[in-house]
Amino acid sequence: EEVCVHRDVCPVWTQLELARTADLILMPHAYLTASLPKPVSERIGAIVIDERFWPEIARTAFLPIEALRMARKLPFLLKTDRRNGMAAMDYVINRDRAADLAIKALLAGECPARALASYVYKSSLSKKTINGLELVQAAKTICGRAKFSALAVRPNMSAAEVDALLARPEADHLMIEWRFWSIVEDAILAYRSGKRRGEGRERRIKLLQAEGQEPQIRISWRGKFVLANRPTFLLDASADERILRKLYGSRPVRVHRVDA
């Protein structure tokens, strides 16, 4: 096993060791939705949150519309891909088609999820019939598997090697694009299941185009609490009950008012 030469003096590892026996662990709000190391998560019996934390859950990001056409790293293939006759370029072709349809819908003021939900075409090469959901899932797969490029990071890398890894153009806006396709996929599945009816558009996706600037896609989503099953106590003098109930979903919220 290759271990970083700085491990013995690394403050992260020192904190993990302390967390194994700590009675109180202080963390920034970001860790409400970020994965926690097992030694930390196992020690947490209850959570106390100080002041407004909802920006960590109600998230917003912006994606340049042309990023949907940006070249991405070819996806690695799974055994199921080979059994289904899927090549890496099949994913690329399907993502390109999904991006073209989404961009066309957005620029026309239409809902990209609606446009893709009703789309079907027959490949002239494979003679397979492919629907919009499959196109979206291919685009999401490309972005999702590209995340594994982070595995190229290894102990004892030089600063130049790390800079070269981070500078790869195919990584630009990668996670935001993955989020975009995840929302489109979720919306299509909702249309298919009947959970979402009518001509309503997907409100989590909106095109913004300021005068003289390239259009951008505003993407909004709700994050997930990592330790949602732990008792939680929020200290906040300006908390909005309606927002809290939205963030916690079906979990009951009790309010105790204290006169100062």
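Nothing fancy with the numbering, it's 1 onward along the sequence. What you see is a predicted model; the values in this text were computed from it and never measured.
- The structure places CD1 of Ile130 at 9.0 Å from OH of Tyr119, a figure rounded to the nearest 0.5 Å.
- Using a 4.5 Å heavy-atom threshold, the side chains of Asp186 and Glu202 count as separate.
- Distance check, rounded to the nearest 0.5 Å: CD of Gln137 to CG of Asn131 gives 8.0 Å.
- Val9 places none of its side-chain heavy atoms less than 4.5 Å from the side chain of Thr14.
- When side chains are defined from C-beta on, Lys206 does not count as touching Arg203, because their heavy atoms never get closer than 4.5 Å.
- Going from atom SG of Cys10 over to atom CG of Leu16 covers 8.5 Å, rounded to the nearest 0.5 Å.
- Within the 3.5 Å criterion, the main-chain N or O of Thr80 finds a donor-acceptor partner in the side chain of Asn84.
- Between the CD1 atom in Ile44 and the CD atom in Glu42 there is a gap of 10.5 Å [rounded to 0.5 Å].
- Not a single donor-acceptor pair under 3.5 Å links the side chain of Asn94 to the backbone N or O of Tyr91.
- Two residues are said to be in side-chain contact when any heavy atoms from C-beta on lie closer than 4.5 Å; Ile142 and Lys73 fail this criterion.
- To the nearest 0.5 Å, the span separating OG on Ser193 from CD1 on Ile188 amounts to 12.0 Å.
- The shortest heavy-atom contact between Leu77 and Met86 is CD1-O, 3.8 Å.
- Salt-bridge formation is not detected for the pair Arg72/Asp96: no Lys NZ or Arg NE/NH1/NH2 atom is positioned less than 4.0 Å from an Asp or Glu carboxylate oxygen.
- The side-chain heavy atoms of Leu133 and Leu189, taken from C-beta on, include a pair separated by under 4.5 Å.
- Here the shortest heavy-atom pairing between Leu207 and Pro215 reads CD1-CB, 3.8 Å.
- Residue pairs satisfying the side chain to side chain donor-acceptor pair (under 3.5 Å) criterion with at least one member in residues 49-61, sequence neighbours excluded, are absent.
- Using a 4.5 Å cut-off between side-chain heavy atoms of Ile, Leu, Val, Met, Phe, Trp and Tyr, Phe62 falls into a hydrophobic cluster with Leu208.
- Cluster membership check: Phe53 shares its hydrophobic cluster with Ile243, using side-chain heavy-atom separations under 4.5 Å among Ile, Leu, Val, Met, Phe, Trp and Tyr.
- Side-chain N or O atoms of Arg230 include none that pairs as donor or acceptor with a backbone N or O of Ile47 at under 3.5 Å.
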(message) Assess the residue pair Leu116 and Trp181 against the criterion (side chain to side chain contact (heavy atoms under 4.5 Å, CB included)); give the C-alpha distance rounded to whole Å, side-chain angles, the decisive distance to 0.1 Å, and a yes or no.
(response) CA-CA 11 Å; Leu116 282 153; Trp181 294 121; 4.2 Å; yes
(request) Decide side chain to side chain contact (heavy atoms under 4.5 Å, CB included) for Arg218 and Leu63; before the verdict, give the C-alpha distance in whole Å, the side-chain angles of both, and the deciding distance to 0.1 Å. (result) CA-CA 7 Å; Arg218 187 187 68 195; Leu63 178 70; over 6 Å; no
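- Taking every heavy atom of both residues into account, His173 and Ala67 meet most closely at CD2-CB, 4.0 Å.
- Using a 4.5 Å heavy-atom threshold, the side chains of Ile205 and Pro112 count as touching.
- A donor-acceptor pair is defined here as one N or O able to donate and one able to accept, closer than 3.5 Å; such a pair exists between the side chain of Arg222 and the backbone of Lys246.
- When hydrophobic clusters are built by joining Ile, Leu, Val, Met, Phe, Trp and Tyr residues whose side-chain heavy atoms come closer than 4.5 Å, directly or via intermediates, Ile103 is not grouped with Met70.
- Nearest heavy-atom pair, Leu135 versus Tyr121, reported as atom, atom and distance to 0.1 Å: CD2-CE2, 4.1 Å.
- Side-chain atoms of Arg201 come within 3.5 Å of backbone N or O of Gly109 as a donor-acceptor pair.
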(request) Give the intermediate values and the outcome of side chain to side chain contact (heavy atoms under 4.5 Å, CB included) for residues Phe233 and Ile49. (result) CA-CA 6 Å; Phe233 185 49; Ile49 306 174; over 6 Å; no
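- Under the 4.0 Å criterion applied to side-chain N and carboxylate O atoms, Lys128 and Glu134 are not assigned as salt-bridge partners.
- Here the CD atom belonging to Glu214 is positioned 7.0 Å from the CD atom belonging to Glu66, to the nearest 0.5 angstrom.
- Judged purely by atom type and a 3.5 angstrom limit, Arg245 uses its side chain to pair as donor or acceptor with the backbone of Val253.
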(message) Does Trp13 form a side chain to side chain contact (heavy atoms under 4.5 Å, CB included) with Cys4? I'd like the steps, not just the answer.
(response) CA-CA 11 Å; Trp13 282 100; Cys4 179; over 6 Å; no
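- Closest of all the heavy-atom pairs between Pro75 and Arg145 is CB-CD, 4.1 Å.
- The shortest heavy-atom contact between Leu36 and Met27 is CD2-SD, 3.8 Å.
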(message) Run Arg257 and Glu241 through salt bridge (Lys or Arg N to Asp or Glu O under 4.0 Å) and show every step you take.
(response) CA-CA 12 Å; Arg257 301 188 185 279; Glu241 294 176 38; 2.4 Å; yes
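- Using bins of under 30°, 30° to 60° and over 60° for the plane-to-plane angle, the ring pair Tyr248/Phe225 lands in the parallel bin.
- In the hydrophobic clustering of ILVMFWY residues, with side-chain heavy atoms under 4.5 Å counting as a link, Ile176 and Leu174 come out apart.
- Ile57 and Ile219 fall into different hydrophobic clusters, defined by Ile, Leu, Val, Met, Phe, Trp and Tyr side-chain heavy atoms under 4.5 Å apart, directly or through other members.
- In terms of hydrophobic clustering, with Ile, Leu, Val, Met, Phe, Trp and Tyr side chains grouped at heavy-atom distances under 4.5 Å, Trp178 and Leu68 are assigned to different clusters.
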